[in-house]
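Each ligand, and each atom within it, is numbered from 1 in the order the structure gives.
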Amino acid sequence: MKRWTNQILFALLGIAFTTGWLAFFYDSAPSRWSLIVHATSGYAIVALTPWKSVIARRGIRRRRPGWWLSLALTVSVITSILAGIVHSTGLLLAVGDVSAMEVHVGAALVAVPLAVWHLAARWIPVRAVDLSRRNLLRTGAVMAAAAATYASTEGLMRLLPLPGAQRRLTGSYELGSLQADALPVTQWLFDSVPVVDSGTWRLELRAGGLRRWTYAELLAFDDRLRATLDCTGGFYSVQDWSGVWLSRLLPSGVSGSSMHVRSITGYDRRFPLREASQLLLATRLGGVPLQPGHGFPVRVIAPGRRGYWWVKWVTAITVDDLPAWWQLPFPVQ
Ligand code: HEM
Ligand code: HEM
Ligand SMILES: Nc1nc2c(c(=O)[nH]1)N[C@H]1C(S)=C(S)[C@@H](COP(=O)(O)O)O[C@H]1N2
Ligand SMILES: [Mo]
C-alpha cells in the first residue's frame with residue numbers, strides 16, 4: 001500500500017498541476033474539460049489521506065533529515081486544496097484583496113520546490129510488481145470515488161444552491177458587469193500602474209514601415225465591442241469597450257504571421273496576425289476614456305482570450321514573421 005500510495009500521489013500531483021495551467025490557457029470548453037480532470041485528481045489526493053497519513057506519521061517519527069520540509073509540503077498542498085474548494089463552492093471567494101483562487105495557485109506554486117525536494121529525498125524506484133492487477137483496481141476505485149465526489153459537489157451546489165452553481169465554465173464568478181466603475185484593477189503578477197502623458201504618448205506601429213499614432217487620432221475612432229474579461233484570479237466581467245479594430249490601423253496587404261503587442265511596462269503578448277480584425281485597441285470603457293488602472297491611454301480587448309492577453313498601456317505593436325506560439329504560455333511579470 002505504501003509504494004502504491006506514494007506513486008499514485010505523484011501522478012495525481014502532476015496531473016492537478018498540469019490541468020490547472022491548461023485551464024488558465026483557455027477561455028472555452030477545453031478549460032472546463034481540464035477542470036473536470038483537475039477537480040477529480042484533487043479529490044483523489046484527498047481520498048488518499050488515510051493511507052498517506054500512516055506513511056507520514058511513521059516518517060515523522062523517524063525524523064529523517066528534512067522531515068519538516070515534508071510538513072511544509074503538507075501544509076501547502078492542504079492550503080491549496082482547501083482554497084480550491086472554497087473557491088469552487090463559492091463559500092469564501094476572497095479575504096480582503098486576496099482571492100481564494102490566488103491563494104489556491106500561490107500555495108500550489110509554493111508546493112512545487114517542496115515536492116521536488118520530497119521526491120528527490122524520499123524516492124523509491126518503481127518496480128515491475130507495482131503494476132499488479134490489485135494496484136490497478138485500487139487506482140480505478142480511488143479515481144471512481146473521486147469523480148463521484150466531484151459530481152456530487154456539483155449536484156449539491158445546484159440543489160442548495162451555493163454560489164458555485166453560478167460560475168462560468170472557467171470556474172470564474174461574475175463581477176460588476178456593465179458597470180464600468182465596478183471593474184476591479186488587476187495585474188498579472190508584478191506590474192504597477194504607470195503615469196502616462198497622453199500628449200506625448202505615441203503608439204508605435206511597425207508593419208512594413210513605422211507609423212506613429214497619437215492619442216487624439218485613436219480617440220477619433222468609435223468601434224464598439226461588448227466582451228467578457230475573464231481573469232485567472234477567479235472573476236469575470238462583461239463590459240462595453242470602444243476604440244479601434246487593430247486591423248484598421250494596419251496598412252492594407254500587410255504580410256507577416258504574428259504581432260507583438262508591448263506595454264509601457266514591458267509586459268507583452270504575441271497574437272496571430274489574422275486575429276487583428278477581432279482585437280480592439282480600446283480607448284474607452286463604458287463610453288468614457290480609460291482610467292489609468294484599466295490601461296490608459298490604450299489597451300487590448302481580446303474577446304475569447306483570458307484576461308492576461310488584454311495588454312494595458314500599449315505603446316508598441318510590431319508585425320513580424322515569428323509564429324504566434326513563439327512566446328512563454330504565460331507572462332512572467
Ligand atoms: C497541488 C496542485 C493542485 C491541486 C491538488 C488542486 C486541486 C483543486 C481542487 C480540489 C479544486 C476544487 C475543485 C472543485 O471542487 O471544483 C481546484 C479548483 C481549481 N483549481 Fe486547482 N489544484 C492544484 C493546482 C492548481 C493550479 C496550479 C491551477 C492553475 C494554474 C489551478 C486552477 C484551478 C482552478 C481554475 C480551479 C477552479 C475550478 C472550478 O471552479 O471549476 N489549480 N483545484
Ligand atoms: C501530497 C503530496 C505529499 C505529501 C503532503 C507528503 C508528505 C509526507 C510526509 C509529511 C512525510 C513524513 C516526513 C518525512 O519522512 O519527510 C512523508 C514521507 C515520505 N513520503 Fe511523502 N508526501 C507527498 C507525496 C509523496 C510522493 C509523491 C512520494 C513518492 C513518489 C512520497 C514518498 C515518501 C516516502 C518514501 C516517505 C518516507 C516514509 C518513511 O520514511 O517511512 N511522498 N511524506
Ligand atoms: N501591462 C499589463 N497589462 C495587463 C496586465 C498586467 O499585469 N500588465 N494584467 C492582465 C490581466 S491578468 C488582467 S485580468 C487584465 C485586467 O484588466 P483590468 O485591470 O482593466 O480589469 O489586464 C491584463 N493586462
Ligand atoms: Mo488576470
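When the options His294, Gln291, Gln187 are ranked by their closest heavy atom to atom 18 (P) of ligand 3, first place goes to His294. For the residues Ala282, Cys231, Ala180, the heavy atom positioned nearest atom 14 (S) of ligand 3 is part of Cys231. In this structure, of Phe330, Phe17, Trp21, Phe24, the residue bringing a heavy atom nearest to atom 35 (C) of ligand 1 is Phe24.
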Practice task
Start with the C-alpha gap between Gln333 and Leu189, add the side-chain angles, then the distance that decides, and say whether side-chain contact (heavy atoms from CB on, under 4.5 Å) holds.
Solution key: CA-CA 5 Å; Gln333 76 174 76; Leu189 291 174; 5.8 Å; no
Exercise for the section: Would you please test Glu275 and Arg305 for salt bridge (Lys or Arg N to Asp or Glu O under 4.0 Å) and show each step? Expected result: CA-CA 11 Å; Glu275 241 174 74; Arg305 288 182 180 265; 2.7 Å; yes
Handout entry: Evaluation steps, salt bridge (Lys or Arg N to Asp or Glu O under 4.0 Å), between Asp222 and Arg224
Key = CA-CA 6 Å; Asp222 191 24; Arg224 297 175 190 192; 2.7 Å; yes
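The shortest heavy-atom distance from Arg299 to ligand 3 is under 4.0 Å. In this structure, Pro184 has a heavy atom closer than 4.0 Å to ligand 3.
Summary of contacts: the protein heavy atom closest to atom 28 (C) of ligand 1 is Gly20 CA, 3.5 Å. The protein non-hydrogen atom at the shortest distance from atom 16 (C) of ligand 3 is Thr186 O, 3.5 Å. Looking only at protein heavy atoms, the nearest one to atom 9 (N) of ligand 3 is Trp188 N, 3.3 Å. Of all protein heavy atoms, the one lying nearest to atom 3 (C) of ligand 1 is Ala16 CB, 3.8 Å. Of the protein's heavy atoms, Met101 CE, 3.4 Å lies nearest to atom 36 (C) of ligand 1. Protein heavy atom nearest atom 6 (C) of ligand 3, with residue, atom name and distance: Tyr267 CE1, 3.5 Å. Looking only at heavy atoms of the protein, atom 13 (C) of ligand 1 is closest to Ala39 CB, 3.5 Å. Given atom 19 (O) of ligand 3, the protein heavy atom at minimum distance is Lys312 NZ, 2.5 Å. Here the protein heavy atom with the shortest distance to atom 23 (C) of ligand 3 is Gly307 O, 3.2 Å.
Residue-to-ligand polar distances keep Glu154 apart from ligand 1: every N/O pair is separated by 3.5 Å or more. Residue Asp191 places at least one N or O, backbone or side chain, under 3.5 Å from an N or O of ligand 3. Checking only distances, Tyr43 does come within under 3.5 Å of ligand 1, N or O to N or O. At a 3.5 angstrom cut-off on N or O pairs, Trp310 counts as close to ligand 3. Considering backbone and side-chain N/O atoms, Ser80 never comes within less than 3.5 Å of an N/O atom of ligand 1. By the 3.5 Å distance cut-off applied to N or O atoms, Arg167 is counted among the residues near ligand 1. In terms of polar-atom proximity, defined here as any N/O pair under 3.5 Å, Trp313 makes no such contact with ligand 3. Considering backbone and side-chain N/O of Ser88, one or more are found under 3.5 Å from N/O of ligand 1. The shortest N/O to N/O separation between His104 and ligand 1 falls below 3.5 Å. Residue Leu183 has no N or O atom closer than 3.5 Å to an N or O atom of ligand 3.
No side-chain heavy atom of Ile55 sits under 4.5 Å from any side-chain heavy atom of Trp51. Leu73 has its side chain out of reach of Leu69: every pair of non-hydrogen atoms, C-beta onward, lies at least 4.5 Å apart.
Ionic pairing of Arg202 and Glu204 is not present here: no N-O contact between side-chain nitrogen and carboxylate oxygen is shorter than 4.0 angstrom. Looking at Glu154 and Arg167, a side-chain N of the basic residue comes within less than 4.0 Å of a carboxylate O on the acidic one, giving a salt bridge. At a threshold of 4.0 Å, the pair Arg248-Asp223 counts as salt-bridged, since one of the basic side-chain nitrogens sits closer than that to a carboxylate oxygen.
Between Trp313 and Phe296, the distance from one ring center to the other does not fall under 6.0 angstrom. The distance between the ring centers of His260 and Phe271 does not fall below 6.0 angstrom. Aromatic pair Trp123/Phe10: ring centres closer than 6.0 Å. The distance between the ring centers of Tyr308 and Phe330 falls below 6.0 angstrom.
Atoms of ligand 1 found under 4.0 Å from any heavy atom of Arg32 (numbered from 1 in listed order, with element): 39 (C), 41 (O). Which parts of ligand 1 touch Tyr150 is read off a 4.0 Å heavy-atom cut-off, strictly below it: atoms 16 (O). Short contacts between ligand 1 and Val105, defined as distances under 4.0 Å to a heavy atom of the residue, involve ligand atoms 28 (C), 29 (C). The distance from ligand 1 to the heavy atoms of His87 drops below 4.0 Å at these ligand atoms: 37 (C), 40 (O).
Applying the side chain to side chain donor-acceptor pair (under 3.5 Å) test to His104 and every residue at least two apart in sequence or in another chain returns Ser80.
Under the 30°/60° scheme for interplanar angles, the aromatic rings of His294 and Trp241 are found to stand perpendicular.
Within the 3.5 Å criterion, the main-chain N or O of Gly233 finds a donor-acceptor partner in the side chain of Ser99. Under the 3.5 Å distance criterion, the side-chain polar atoms of Arg306 are matched with a main-chain donor or acceptor of Tyr26.
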